[in-house]
Colleague: 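Okay, handing you the structure first.
All heavy atoms count here, side chains included; hydrogens, waters and symmetry mates do not. Since the model is a prediction, treat every value here as computed from it, not as a measurement.
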Amino acid sequence: MARRYFTTPIYYVNDRPHIGHLYTTVVTDTLARFFRQQGEDVRLLTGTDEHGQNIEKVAKKEGVAPIVVADRHALTFRNLWKEFGISNDDFIRTTELRHRLGVEEIIRRIDAAGDLYSAGHEGWYCANCEAFYPEKDLVDGNCPVHGFKTEWQREENVFFRLSKYGPRLLELYEKGVEGKPFVFPESRLNEVRSFVESGLKDLSVSRTTISWGIPFPGRPGHVVYVWLDALVNYITALGLGSSDLTLYERYWPGIHVIGKDILRFHAVYWPAFLMSAGLPVPRQIVSHGWWLRDAKKMSKSTGNVVRPDDLVAAFGVDALRWHLVSAMSFGQDANFSDEDFLAGYNADLANGLGNTLSRAVKMSRDFFGGKTPSVRRKTTPGGPLVFVAAQKAGDDWKNSFEGYRLQDAAAAIRYLLGAIDAEITATEPWKALRQPPLSSEELFEFRSHVLYDCLEALRVAACMLAPIAPRTATEVFRRLGTDKRAEDLRASDLAWGLLPLDAPLPAAPPLFPRADAKEYFASRGAGTAGASKESSVADTKENISPSKQIPPSSPETKISIDDFLKIDLRVGEVIAAEKVEKSKKLMKMTVRIGEEVRTIVGGIATAYTAEQLVGRKLVFVANLAPAKLMGIESNGMVLAATLPETGEASLLAVDPSVPSGAKVK
RNA sequence: GGCGGCGUAGCUCAGAUGGCCAGAGCAGGGGUCUCAUAAGCCCUUUGUCGGCGGUUCGAUUCCGCCCGCCGCCA
């Protein structure tokens, strides 16, 4: 069985994760999921880089041990990956013993190869970069990268004979690995090549100015240079340095997905270290571009960081995954804007996927007693149009993924969904009166054939969506009456005709409710530049009086069970809450109901604080028509008893073990 | 300064070893259907394919120069 080992970079733990970390990780996860789906034996690794002066500094400031700071941030990353459905098989931290042992092993090997030597070194040193700069590069005596003050320092360091590996590296770039270019995209390979061609200097691989690091073997007072420490994670996580090399032998060499800013470390230093240690070099370095805002790289220092939280709260994890994968030409830079996100969300997810699914499922439910059709077309030459479209889309999708053209893989899904919509419109299965007229048996058969084709094409589309938006794919399968999960898929699932006949189709609310861009931006009080602007939710112009939400129930009217079942009651989990400014009672809650995240406003602020709500599971009306309260669109309603004396709300409690999204009836 | 890349419809991008009307998605405009989430379908506008020259029967595609943007290196 083909094997493939994907890695993300290990992330430095001095910052909360932002969309850059998220992008790399989502993309790598998507690739890993695709190749698993193709039947390959795939392993996915991510982790955190926890050594270095910055951590040391933060720890000192807080008066705690560095590991405490590292623990905290590592947990943040772990939780984020869990939330985003990242399917990593392992999570490595450079502060783990297994890692240290592996680093020591590598250094032992490099030393044994005669590639380490001691030498004095002095120059202007930037503590933040952990690097020396030539005097002419300094800007007013400060670090050219960060502008921090530099100091004249003298060190006796351990050097790695990087210069020795120039020819072998050039050969690697020339030949590639397994017939593929060593670096993707190839324009980046050229950069690396010209860097190496211009001549390599030996590399200092120990530091005496830092104590928070891996002690350099045999050099008291020295710690291992941060990149030598960090890069090795890719193999220490496979057991190098331990007695159990099973994973190492099974998965190395791997494919490293990285941002273009760390290309040189991965395409020059890392293979050189490995060559020296007598180990195989990576299969490939896959370098992607940056999400830009205002045409600048997003970074903490410039303050133009897009945090995923807002978009996820409003639209869900998979909506963001979809945007990240589909909206960027993989390998190039792209601009991130909320407008583009919204446009793509509506076009692809709400209209393309959600609405198409909805119309096909609704008709099938109506015509076939809440089930999928009981008969389907015998395969005819050429087949229905959606069948042809599904074949073509499937081929494009596969080829695109294999060539790392993720945006084209997404386009193939769009294409198939468009074909399904066109098929429904062309055949008009809702029309009972037809030309020429059909007998009722003929009509039944006609509808069965058309709707089976469309539902089946939707199933195929969901298979194709699975690597990008796994939870959504699983939900689509559920709504198509199957219990497949994204993780169970194989290449054979794209074959035509696997949708079961006569399978119950559950009723369900819109998969991705259409978002009104105007309202969304109004509610955030910010326009295009809105990453970090304060949202002024209580816009005075929008001073709509908070309407009394529910009129008292009309006296003693009896309703049927069917009437009651029109109300879609669901268990939801409050993931964020804030009191609506300028309102006494209103609480704005971000609620996760199943896979879906929405904003729900309720008049419970007099009885509960935001803190009391977050993390609680409550009962919500999930299919209430949206209403605007104090300028905020509320998509649902929270159920609470009203206390007779005070009129205060008392929330309906749900056992915490009940999963979010569970139906209440 | 050296090396490399890019500049194609309002936006995001495809594409062409030089020739059949230069494309897609989104946005915009018009029409239409009603199963569906104001969704669907059909039709539709704009492009001197950055500028100027050259090679050629013919260039947006090749060459040179220029302008603008970007990357790597120094």
Colleague: Here's a test of your reading of the structure: between A/Ala343 and A/Ser194, which maps to the more 5' nucleotide of RNA chain B?
Modeller: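 Closer to the 5' end of RNA chain B: A/Ala343.
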Colleague: Taking atom P in both B/G5 and B/C41, compute the distance separating them and give it to the nearest angstrom.
Modeller: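 Per the computed distance, 41 Å lies between those P atoms.
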Colleague: What is the distance, rounded to the nearest whole Å, between atom CZ of A/Phe195 and atom P of B/A74?
Modeller: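 Nearest whole value for this atom pair: 6 Å.
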Colleague: Roughly how many Å apart are B/A24 and B/C63, using the P atom of each and rounding to a whole number?
Modeller: 28 Å
Colleague: Looking at the side chain of A/Ser198, which of B/C73, B/C35, B/U37 is the nearest nucleotide?
Modeller: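 The nucleotide sitting nearest to the side chain is B/C73.
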Colleague: In whole Å, measure the gap between the C1' atoms of B/U44 and B/G23 for me.
Modeller: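 So the two C1' atoms sit 16 Å from each other.
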Colleague: To the nearest Å, give me how far apart CG (A/Asn346) and C1' (B/G28) are.
Modeller: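 So the two atoms are 16 Å apart, to the nearest Å.
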Colleague: Answer with base, sugar-phosphate or nothing: what part of the nucleic acid does A/Ser187 contact at a heavy-atom distance below 4.0 Å?
Modeller: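 Touches nothing.
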Colleague: With nearest nucleotides of RNA chain B determined for A/Ile424 and A/Lys260 from heavy-atom distances, which residue corresponds to the more 5′ nucleotide?
Modeller: A/Ile424
Colleague: Quote, to the nearest angstrom, the P distance that separates B/G25 from B/C43.
Modeller: 11 Å
Colleague: If only side-chain N and O atoms count, and only distance matters, is there a donor-acceptor pair under 3.5 Å linking A/Gln284 with A/Tyr404?
Modeller: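 Yes, A/Gln284 and A/Tyr404 have a side-chain donor paired with an acceptor closer than 3.5 Å.
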Colleague: Name the one of A/Tyr269, A/Trp227, A/Trp270, A/Phe273 that satisfies ring pair (Phe, Tyr, Trp, His ring centres under 6.0 Å) with A/Phe160?
Modeller: A/Phe273
Colleague: Checking all strands, does A/Pro513 fall into the base, sugar-phosphate, or nothing category for heavy-atom contacts under 4.0 angstrom?
Modeller: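 Base contact - A/Pro513 has a heavy atom under 4.0 Å of at least one base atom.
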Colleague: Tell me the closest heavy-atom pair linking A/Phe444 and A/Val375, and the distance in Å.
Modeller: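 The pair with the smallest heavy-atom distance is CE2-CG2, 4.3 Å.
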Colleague: Consider the side chain of A/Ala347, meaning its heavy atoms from C-beta on, and name the nucleotide among B/C26, B/U37, B/G71 that approaches it most closely.
Modeller: B/C26
Colleague: If you check the A/Trp430 side chain, which of B/C26, B/U34, B/C13 turns out closest?
Modeller: B/U34
Colleague: Looking at A/Lys371, is its backbone amide N or carbonyl O close enough to the side chain of A/Ser364 to form a donor-acceptor pair, meaning the two atoms are under 3.5 Å apart?
Modeller: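 Here the side-chain-to-backbone pair exists.
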Colleague: Considering only atom P, compute the distance from B/C21 to B/C65 and round it to an integer number of Å.
Modeller: 33 Å
Colleague: Among the candidates B/U37, B/C41, B/C73, find the nucleotide nearest to the side-chain atoms of A/Arg264.
Modeller: B/C73
Colleague: Run the salt bridge (Lys or Arg N to Asp or Glu O under 4.0 Å) test on A/Glu445 and A/Arg447 for me, step by step, so that the C-alpha distance in whole Å, both residues' side-chain angles and the decisive distance to 0.1 Å come before the verdict.
Modeller: CA-CA 5 Å; A/Glu445 187 183 82; A/Arg447 284 173 166 170; over 6 Å; no
Colleague: What is the distance, to the nearest angstrom, from the CE atom on A/Met363 to the P atom on B/U34?
Modeller: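 Distance, rounded to whole Å: 13 Å.
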Colleague: Using side chain to side chain contact (heavy atoms under 4.5 Å, CB included) as the criterion, list what pairs up with A/Ala411, not counting sequence neighbours.
Modeller: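 Expected list: A/Arg414.
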Colleague: Between atom CG in A/Asn351 and atom C1' in B/U37, what is the gap in whole Å?
Modeller: 7 Å
Colleague: Within this structure, what is the CG-to-P distance between A/Asp408 and B/G15, rounded to whole angstrom?
Modeller: 8 Å
Colleague: For A/Leu511, which contact category applies under a 4.0 Å heavy-atom criterion: base, sugar-phosphate, or nothing?
Modeller: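 The residue A/Leu511 makes base contact.
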Colleague: For residues 467-476 of chain A, which side-chain donor-acceptor pairs fall under 3.5 Å, sequence neighbours excluded?
Modeller:
{"from": "A/Arg471", "atom 1": "NH1", "to": "A/Glu83", "atom 2": "O", "distance (Å)": "2.6"}
{"from": "A/Arg471", "atom 1": "NH2", "to": "A/Lys82", "atom 2": "O", "distance (Å)": "3.0"}
{"from": "A/Arg471", "atom 1": "NH2", "to": "A/Glu83", "atom 2": "O", "distance (Å)": "3.2"}
{"from": "A/Thr472", "atom 1": "OG1", "to": "A/Asp318", "atom 2": "OD2", "distance (Å)": "2.7"}
{"from": "A/Thr474", "atom 1": "OG1", "to": "A/Pro470", "atom 2": "O", "distance (Å)": "3.1"}
{"from": "A/Thr474", "atom 1": "OG1", "to": "A/Ala486", "atom 2": "N", "distance (Å)": "3.0"}
{"from": "A/Glu475", "atom 1": "OE1", "to": "A/Arg478", "atom 2": "NE", "distance (Å)": "3.0"}
{"from": "A/Glu475", "atom 1": "OE2", "to": "A/Arg478", "atom 2": "NH2", "distance (Å)": "3.0"}
{"from": "A/Glu475", "atom 1": "OE2", "to": "A/Arg479", "atom 2": "NE", "distance (Å)": "2.6"}
{"from": "A/Glu475", "atom 1": "OE2", "to": "A/Arg479", "atom 2": "NH2", "distance (Å)": "3.3"}

Colleague: Does OP1 or OP2 of B/C3 have a side-chain N or O of A/Arg193 closer than 4.0 Å?
Modeller: no
Colleague: What nucleic acid atoms does A/Gln332 come within less than 4.0 Å of, heavy atoms only: base, sugar-phosphate, or nothing?
Modeller: sugar-phosphate
Colleague: Give the rounded distance in Å between these two atoms: OH of A/Tyr415 and P of B/C13.
Modeller: 24 Å
Colleague: Would A/Asp568 and A/Arg570 count as a salt bridge (Lys or Arg N to Asp or Glu O under 4.0 Å) if you check the C-alpha gap in whole Å, the side-chain angles of each, and the deciding distance to 0.1 Å?
Modeller: CA-CA 6 Å; A/Asp568 188 28; A/Arg570 297 278 174 168; 3.0 Å; yes
Colleague: On the nucleotide B/C35, are OP1 or OP2 found under 4.0 Å from the side-chain N or O atoms that A/Lys362 carries?
Modeller: no
Colleague: If I take atom NZ in residue A/Lys431 and atom P in nucleotide B/U32, what distance separates them, rounded to the nearest angstrom?
Modeller: 14 Å
Colleague: Considering only the C1' atoms, how many Å lie between B/U17 and B/G31, rounded to the nearest integer?
Modeller: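 Approximately 44 Å lies between the C1' atom of B/U17 and that of B/G31.
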Colleague: Using a 3.5 Å limit on both distances, find every run of at least three consecutive Watson-Crick or G-U pairs that involves RNA chain B.
Modeller: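 Ordered by first number, the stems with RNA chain B (at least 3 consecutive pairs each) read B:1-7 with B:67-73, B:10-13 with B:23-26, B:28-32 with B:40-44, B:50-54 with B:62-66.
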Colleague: Look at the side chain of A/Arg359 and decide which nucleotide, out of B/C26, B/A36, B/A14, has an atom nearest to it.
Modeller: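 Comparing B/C26, B/A36, B/A14 against the side chain of A/Arg359, the answer is B/A36.
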Colleague: Quick one: label A/Asp421 by what it contacts on the DNA or RNA (base, sugar-phosphate, nothing), any heavy atom closer than 4.0 Å.
Modeller: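 Counting heavy atoms under 4.0 Å across all strands, the contact made by A/Asp421 is with sugar-phosphate only.
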Colleague: For B/C70 versus B/G28, give the span between their P atoms, rounded off to a whole number of Å.
Modeller: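 Roughly 31 Å separates the two P atoms.
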Colleague: Should the pair A/Trp291 and A/Tyr23 be assigned to parallel (<30°), tilted (30 to 60°) or perpendicular (>60°) ring geometry?
Modeller: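 The rings of A/Trp291 and A/Tyr23 stand perpendicular, inter-plane angle above 60°.
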Colleague: From CG of A/Leu263 over to P of B/G71, roughly how many Å is that when rounded to an integer?
Modeller: 14 Å
Colleague: Using the side-chain heavy atoms of A/Ser329, tell me which of these nucleotides is nearest: B/C13, B/G71, B/U37.
Modeller: B/C13
Colleague: For nucleotides B/A59 and B/U48, find the distance between their C1' atoms and express it as a whole number of Å.
Modeller: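 Pairwise C1' distance, B/A59 against B/U48, rounds to 14 Å.
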